[in-house]
Structures are given as structure tokens and as C-alpha cells.
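Counting starts at 1 for both ligands and their atoms, following the listed order. Bear in mind that the values here come from a model prediction, so they are computed numbers and not experimental data. Sequence positions, counted from 1, serve as the residue numbers for this chain.
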Amino acid sequence: MKPEGILLVISAPSGAGKSTLIRTLCRDFPEFGFSVSYTTREPRPGEVHGRDYFFVHREQFVALKEQNFFAEWASVHGNFYGTPRDQILESIRQGKSLIMDVDVQGARQLKDNLGRVVYLFIFPPSLEELKKRLLQRGSDPPGVIEKRLHNASLEMLESDFFDYWLVNDQIPTAYAQLKALVLAEMLRPALHPGLPQRIASGKWYV
Ligand code: ADP
Ligand code: 5GP
């Protein structure tokens with residue numbers, strides 16, 4: 001039997017620090033792939049097409065959606081976002097681990113459609129701090145920040161179906177918790193098929 005990878009879905013209100021934590025996780029665990037979503041929003045300074053997102057026009061997104069290209073998609077803060085189905089299927093086929101950064105609507109759709117997936121919701125320590133982080137990031141105009149703050153309260157109310165909750169107050173603590181979650185998930189039997197038999201035959205480390 002082939003080992004499974006970890007499918008990790010992470011949601012958080014915009015500005016809670018999800019991308020910051022995911023970047024560090026992907027650096028420390030190179031075996032994790034990152035599912036690059038499609039979006040109709042404009043790229044932020046420094047964002048790279050194909051690395052952060054595939055930036056597409058609305059018509060392109062709608063055409064892809066109609067071809068059933070997305071495993072899930074949602075309209076978030078006035079733009080479309082979607083996870084390509086083939087990236088997930090390829091990870092499952094190869095037994096590779098994959099991180100998916102999606103909003104709560106997307107997480108719900110994946111929950112209905114995928115098998116064993118770990119769902120993590122990241123909270124900011126407060127809405128005041130969230131506003132500070134969005135302002136400090138400086139990547140969104142004031143109207144967009146207000147919309148993201150308004151949506152934050154609604155998203156947090158939808159967090160009850162996630163497996164894990166994490167508050168990103170101080171980065172080192174939050175990251176240590178995220179790492180602990182990943183390390184624990186790596187101990188699941190599905191990731192180590194045939195382990196008892198290998199131990200019995202004296203070759204557990206193969
Ligand atoms: P998200 O991906 O959830 O929208 P980001 O990772 O882009 O959020 O973080 C938003 C801003 O907050 C960034 O400027 C980031 O450097 C900062 N940030 C992230 N985590 C923390 C933290 N624990 N304390 C203070 N600032 C943080
Ligand atoms: P941002 O514009 O700040 O990069 O992302 C805004 C929101 O869209 C975040 O909540 C993020 O998790 C979500 N998002 C990013 N990619 C996807 C995706 O492929 N599908 C869904 N449903 N949401 C996504």
C-alpha cells in the first residue's frame with residue numbers, strides 16, 4: 001500500500017497571518033507542496049504569477065469553473081478564488097502532502113468532497129490587532145481593508161467545523177503550535193503502511 005500524504009486546509013480571516021505561517025512551514029517541511037489557487041484579484045506588490053496565485057481575468061475564471069476545473073471555488077471579498085482539482089488529485093496520487101489556503105466556504109466544499117483532510121482555522125488575537133496587521137501589510141486600499149474586517153467576524157463564526165483552532169498572537173508560539181500539529185499528523189498510521197510488518201521483519205526504517 002502506498003503511504004498517504006497530509007492534506008492540510010488552512011483558513012483564517014485576511015491578515016491573521018496565515019501566509020506568514022505557511023511560508024515558514026513550507027521552508028521547514030519541503031515535502032509539503034502548496035496548492036496555488038486561481039484568483040481574479042489584482043496581484044499585490046511582490047506576488048508572483050504561478051507561485052502565489054494564478055492571476056486571471058473574470059471571464060477566464062468563469063470559463064475554467066464551467067469546465068469543472070476547480071475542486072472548490074468561492075467569491076471572497078468581491079473576487080473569485082478557486083483551487084485547481086488537478087493539484088489535489090496529483091498530490092493524492094503521489095502520496096504527497098499539500099497545504100491549501102482557502103476561505104471557510106472553500107473549506108466546507110472540500111470537506112464535502114475530499115477524504116481524510118486536516119482542517120485548521122487560524123484566529124487573530126483580536127479584531128483591533130487584525131486591523132493593525134492589515135494596515136501594516138499595506139497591500140489593500142482602505143475600502144478593501146474595511147470589507148476584510150467586516151468579513152473576519154463572519155468567518156470566525158463559521159470556524160466550528162474545523163479540526164484545530166490556533167490563535168496567531170506571537171509568531172514563534174503560533175508557529176510552534178502549527179509545527180506540533182504537523183508533526184503529530186505525520187505519526188498517523190495511514191502515512192506508514194506496512195510499518196508493523198517491517199518492524200517484525202527487522203527493517204522498520206525502509
Ligand atoms: P494572511 O495571509 O492571513 O492574510 P499575512 O501572513 O499576510 O496574513 O499577515 C498579515 C500581516 O501581519 C503581515 O504584514 C505579517 O507580517 C503580519 N503578521 C503575521 N503574523 C503576525 C503576528 N503574530 N504578529 C504581528 N504581525 C504579524
Ligand atoms: P487574499 O486576497 O488575502 O490572498 O485572500 C483572500 C481570501 O481568499 C483568504 O481568506 C484566502 O484564504 C482565500 N483564498 C485563497 N485562495 C483560495 C481558494 O483557492 N479558494 C477559496 N475558496 N478561497 C481562497
Side-chain angles (χ1 to χ4, degrees), residues 7-27 33-56 61 64-65 69-88 98-114 117 119-141 143-159 162 166-178:
L7 297 180
L8 176 59
V9 169
I10 303 185
S11 298
S14 182
K18 177 174 52 270
S19 310
T20 305
L21 293 168
I22 291 174
R23 255 196 308 276
T24 312
L25 192 70
C26 287
R27 194 196 59 208
F34 178 68
S35 162
V36 182
S37 298
Y38 282 63
T39 184
T40 58
R41 98 155 150 67
E42 291 294 318
R44 295 181 182 133
E47 282 186 328
V48 176
H49 180 80
R51 183 193 69 187
D52 301 291
Y53 281 106
F54 292 102
F55 297 98
V56 293
F61 191 99
L64 287 168
K65 173 170 81 65
F69 179 78
F70 297 116
E72 64 73 34
W73 73 275
S75 171
V76 192
H77 316 310
N79 283 300
F80 291 151
Y81 295 79
T83 305
R85 193 180 292 283
D86 58 356
Q87 288 185 33
I88 302 180
L98 186 71
I99 299 177
M100 286 166 271
D101 165 353
V102 302
D103 84 314
V104 287
Q105 307 169 71
R108 258 190 212 286
Q109 292 173 51
L110 293 174
K111 191 136 196 167
D112 290 343
N113 296 327
L114 286 180
V117 181
Y119 292 89
L120 166 68
F121 192 91
I122 300 177
F123 293 85
S126 68
L127 290 178
E128 292 71 36
E129 173 65 18
L130 188 65
K131 184 171 186 174
K132 230 164 58 189
R133 288 183 192 173
L134 284 169
L135 289 169
Q136 170 208 314
R137 187 168 70 186
S139 56
D140 304 297
V144 173
I145 289 187
E146 283 314 314
K147 189 184 273 181
R148 285 175 182 245
L149 281 171
H150 171 75
N151 289 344
S153 310
L154 304 175
E155 287 168 296
M156 289 192 289
L157 289 176
E158 295 273 321
S159 59
F162 287 76
L166 191 161
V167 179
N168 178 20
D169 184 2
Q170 300 297 321
I171 292 180
T173 309
Y175 183 64
Q177 290 171 333
L178 177 58

| Any side-chain heavy-atom pair from I88 and L110 closer than 4.5 angstrom? | yes

| task | Calculate, to the nearest 0.5 Å, the distance between atoms CG and OH belonging to D101 and Y53 respectively. | result | 5.5 Å

| said: To the nearest 0.5 Å, what is the distance between CG on L127 and NE2 on H150? | reply: 12.0 Å

| query | When you measure from atom 20 (N) of ligand 1 to each heavy atom in L130, T20, N168, which option holds the nearest one? | reply | N168

| request: Measure from atom 24 (N) of ligand 1 to every heavy atom in K18, R133, Q170, R137 and give the option owning the shortest one. | output: R133

| request: Identify, with sequence neighbours excluded, every residue that meets side chain to side chain donor-acceptor pair (under 3.5 Å) alongside D169. | output: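 Side chain to side chain donor-acceptor pair (under 3.5 Å) check on D169 returns nothing, list empty.
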
| task | Note the single closest protein heavy atom to atom 14 (O) of ligand 1, along with its residue, its atom name and the distance in Å. | result |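 Scanning the protein heavy atoms, the shortest distance from atom 14 (O) of ligand 1 goes to Q136 NE2, 3.4 Å.
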
| query | Y38 and F61: aromatic ring centres closer than 6.0 Å? | reply | no

Tell me whether [X] reaches ligand 1 (any heavy atom closer than 4.0 angstrom to a ligand atom).
X	answer
D169	yes
A16	yes
G15	yes

| task | Would you mind running through ligand 1 and noting each atom that sits below 4.0 Å from a heavy atom of S14? | result | 4 (O)

| task | Indicate whether any N or O donor in one side chain lies under 3.5 Å from an N or O acceptor in the other, for R137 and S139. | result | yes

| field | Every residue of the protein that comes under 4.0 Å of ligand 2, judged on heavy atoms | value |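 Lining ligand 2: A12, S14, K18, S37, R41, R44, Y53, E72, A74, V76, H77, Y81, G82, T83, D101, V102, D103, G106, R148.
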
| message | Applying a heavy-atom cut-off of 4.0 Å, say which part of S19 lies close to ligand 1: side chain, backbone, both or neither. | response |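 Both backbone and side chain.
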
| Does the pair Y119 and F121 meet the rule for a ring pair (Phe, Tyr, Trp, His ring centres under 6.0 Å), with working shown? | CA-CA 7 Å; Y119 292 89; F121 192 91; over 10 Å; no

| message | I'd like to check whether G17 has a polar contact with ligand 1, where a contact means an N/O of the residue lying under 3.5 Å from an N/O of the ligand. | response |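 For ligand 1, there is an N or O atom that lies under 3.5 Å from one belonging to G17.
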
| Nearest atoms (heavy-atom pairs only) where I122 meets P13 | O-CD, 3.3 Å

| task | Identify the heavy atoms of T83 and S35 that sit nearest to each other, and give their distance. | result | CG2-OG, 3.4 Å

| task | Using a strict 4.0 Å threshold on nitrogen-to-oxygen distance, state whether R133 and E129 make a salt bridge. | result | yes

